[in-house]
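The structure appears right after this line, and notes come after that.
Protein chains get the first letters and strands the later ones, always in sequence-line order, with residue 1 at the start of each. Quick note: numbers below take in every heavy atom, side chains included, and nothing from hydrogens, waters or symmetry partners.
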Amino acid sequence: MNIKKHELKVHNSLSGKKESFQPLNQEYVGMYVCGPTVYSDVHLGNCRTFISFDMMYRYLMYLGYKVRYVRNITDAGHLENDADEGEDKIAQKARLEQLEPMEIVQKYTVGFRKIMGEFNALPPSIEPTATGHIIEQIEMIKDIISKGLAYEANGSVYFDVPKYQSQGGNYGVLSGRNTDELFHNTRELDGQSEKQSPLDFALWKKASPSHIMRWPSPWSIGFPGWHLECSVMSSKYLGEQFDIHGGGMDLKFPHHECEIAQCQAHTNHPPVKYWLHSNMLTLNGKRMSKSTGNTVLPQELFTGENDLLVKGFDPSVVRFFMMQAHYRSVLDFSNEALLASEKGFARLMDAMEKLDSLHSSSSISELDVEGWMSRSLSAMDDDFNTPILIAELFEAVRWINSISEGKLAISKEDLVQLSSFMKDMVFFVLALKSPAKSASTDKLDSAMQLIIELRRGARIEKNWALSDQIRDHLAQEGIQLKDGPDATSWFIQ
RNA sequence: GGUCUCGUGGCCGAGUGGCUAGGCAGAGCUCUGCAAAAGCUUGUACAGCGGUUCGAAUCCGCUCGAGACCUCCA
């Protein structure tokens with residue numbers, strides 16, 4: 001195992017600062033990311049989070065770390081609201097679609113994986129499900145009760161936040177909230193009478209008669225509280241202390257705060273060294289919301305079948321677009337921004353294609369490949385700054401074009417370096433893909449070659465009327481001819 | 001109401017106490033039968049008002065505006 005020389009810094013939500021990244025176990029990294037709740041189609045915001053962490057996973061591997069990446073599937077269903085009387089979301093959806101709850105779970109799990117695959121996200125090392133870890137969750141609850149930090153009420157079990165605080169716990173470390181303020185700002189909700197304090201949260205809920213997903217426990221037939229699964233599954237697969245825990249900003253409170261409290265109560269030490277949070281995605285400047293219609297599904301984004309979109313966008317274009325913004329910044333989706341990224345992406349991919357046909361014409365380079373690689377890695381080492389990395393990649397695009405035109409000299413060694421580093425960054429770390437050519441494009445290409453050949457004949461005879469007619473007609477069909485110095489090429493607009 | 005984040009050129013989006021972000025669009029040039037495309041080059045900026053400083057867009061304060069969380073949410 002050989003970790004590349006680097007000084008990775010990550011923004012830790014616990015301190016609110018960038019910290020030097022030092023894994024607990026040398027070259028091994030444990031990373032846990034809160035996965036999706038599979039009761040409906042993944043929404044684009046989820047995708048951004050998972051794509052951000054996929055990029056980090058890839059970069060850590062690129063650096064030489066051996067990473068175990070765990071991302072859960074929440075399939076046990078959460079309460080519809082915090083009134084404790086809500087219906088299990090998955091059960092509710094099951095009734096709506098007349099399907100078994102696990103059928104719903106399966107359907108949306110498959111859909112989720114398909115979409116993430118299209119975004120070229122690597123599957124996690126382990127993708128555990130909440131329903132597969134009911135026993136472990138019950139065991140953790142038992143332990144927390146035995147430590148006096150949880151109590152049973154009416155078949156449900158709650159975490160005792162005030163007691164946790166009195167015993168030196170720090171509920172609020174992550175989100176920067178203090179419990180007194182929280183207490184005063186918590187709304188009084190019906191059905192909270194079981195709780196001793198409004199800040200307490202459920203570890204186990206007794207199931208109402210209408211609740212379909214249910215399991216036996218020492219306290220009642222019921223289901224686990226929604227914060228518990230992450231504590232249980234992360235500690236099971238990564239240990240009681242691990243390096244990175246990620247998720248969207250909106251999970252910081254209360255979800256991640258509760259996770260910390262549960263683990264602290266259970267093991268008496270903090271579970272996670274670095275908490276990383278990715279920021280939200282907005283659509284046309286506003287939060288995505290199904291109720292206002294301001295929402296786009298990933299699939300719609302690919303096909304363009306949504307009134308808010310002028311056209312569909314390749315998943316790699318979308319990924320590139322996301323990588324052009326830093327993961328901790330709010331990113332706004334709009335047609336204009338996507339269109340601009342699409343053009344930039346095409347230019348980058350064009351240069352990538354030229355890479356293999358480049359040759360060294362000199363023993364001396366007119367450019368500083370070493371310095372460029374080092375700047376690129378510094379950008380990534382600075383809390384995964386992909387926008388800066390991309391800016392550097394475009395510097396290389398200029399070089400590649402100039403070398404290709406014979407206007408810039410590069411040594412053989414530098415060319416090898418440039419080429420392999422570009423490929424590592426573009427295809428592996430950023431995980432962008434050139435739009436694949438299909439069988440039908442191959443056939444079209446052979447037909448186009450014929451047309452181009454015939455038109456070439458017309459041009460040799462200076463029959464401009466005919467050659468322009470061919471070109472204009474194809475242009476109307478959306479096929480653009482490019483007359484280069486040596487040959488004519490084509491592409492679909 | 002409470003906690004927090006942000007406000008950059010026509011658009012998107014980095015960064016920083018003094019030194020080019022980058023992409024898209026625009027402009028100029030090259031290539032071309034003419035175009036288109038492509039390539040090369042290139043201008044415009046840091047919400048407002050105060051303060052700290054030799055120097056701030058970058059630090060501090062206030063104002064205005066936007067967003068997140070506080071309730072399921074990546």
Mind checking A/Gly35 for me? I need base, sugar-phosphate or nothing, with any heavy atom below 4.0 Å counting as a touch. sugar-phosphate
salt_bridge(A/Lys18, A/Asp382) N-O dist < 4.0 Å: yes
Among B/G13, B/A14, B/C69, find the nucleotide with the atom closest to the side chain of A/Leu331. B/G13
Side-chain atoms of A/Phe394 come closest, of B/C69, B/A74, B/G23, to B/G23
Taking the minimum atom-to-atom distance to the side chain of A/Pro387, which one of B/G13, B/A74, B/C34 wins? B/G13
Which of the following nucleotides, B/A74, B/C40, B/G33, is nearest to the side chain of A/Arg398? B/C40
Stacking of A/Phe50 on B/A74 base (centres under 5.5 Å, planes under 30°): no
Does the ring of A/Phe53 carry A/Arg71 above it, NZ/CZ under 6.0 angstrom from centre and within 45° of its axis? no
Among B/A14, B/C69, B/A21, the one nearest any side-chain atom of A/Asp250 is B/C69
Taking B/A74, B/A14, B/C12 as options, the one with an atom nearest any side-chain atom of A/Ser329 is B/A14
Does this structure show an ion pair linking A/Arg347 with A/Asp350, if we count only N-O contacts that are shorter than 4.0 Å? no
Is there a residue in residues 340-351 of chain A whose heavy atoms reach under 4.0 Å of RNA chain B, and which residues are they? A/Ala340, A/Lys343, A/Gly344, A/Arg347
Does any N or O donor sit under 3.5 Å from an N or O acceptor when you compare the side chain of A/Ser402 with the base of B/G39? no
So, A/Asp41 and A/Gln299: side-chain donor and acceptor under 3.5 Å apart, yes or no? no
Please determine whether any donor N or O and acceptor N or O are separated by less than 3.5 Å between the side chain of A/Asp468 and the base of B/G33. yes
Rounded at 0.5 Å granularity, tell me how far CG in A/Leu331 sits from CZ in A/Phe321. 4.0 Å
So, OP1 or OP2 of B/G15: does either fall under 4.0 Å of a side-chain N or O from A/Asn385? yes
The residue, A/Pro36 or A/Lys462, whose nearest nucleotide of RNA chain B is more 5′ is A/Lys462
Regarding the side chain of A/Trp226, the nearest nucleotide among B/G22, B/C72, B/A74 is B/C72
Mind checking A/Gly45 for me? I need base, sugar-phosphate or nothing, with any heavy atom below 4.0 Å counting as a touch. base
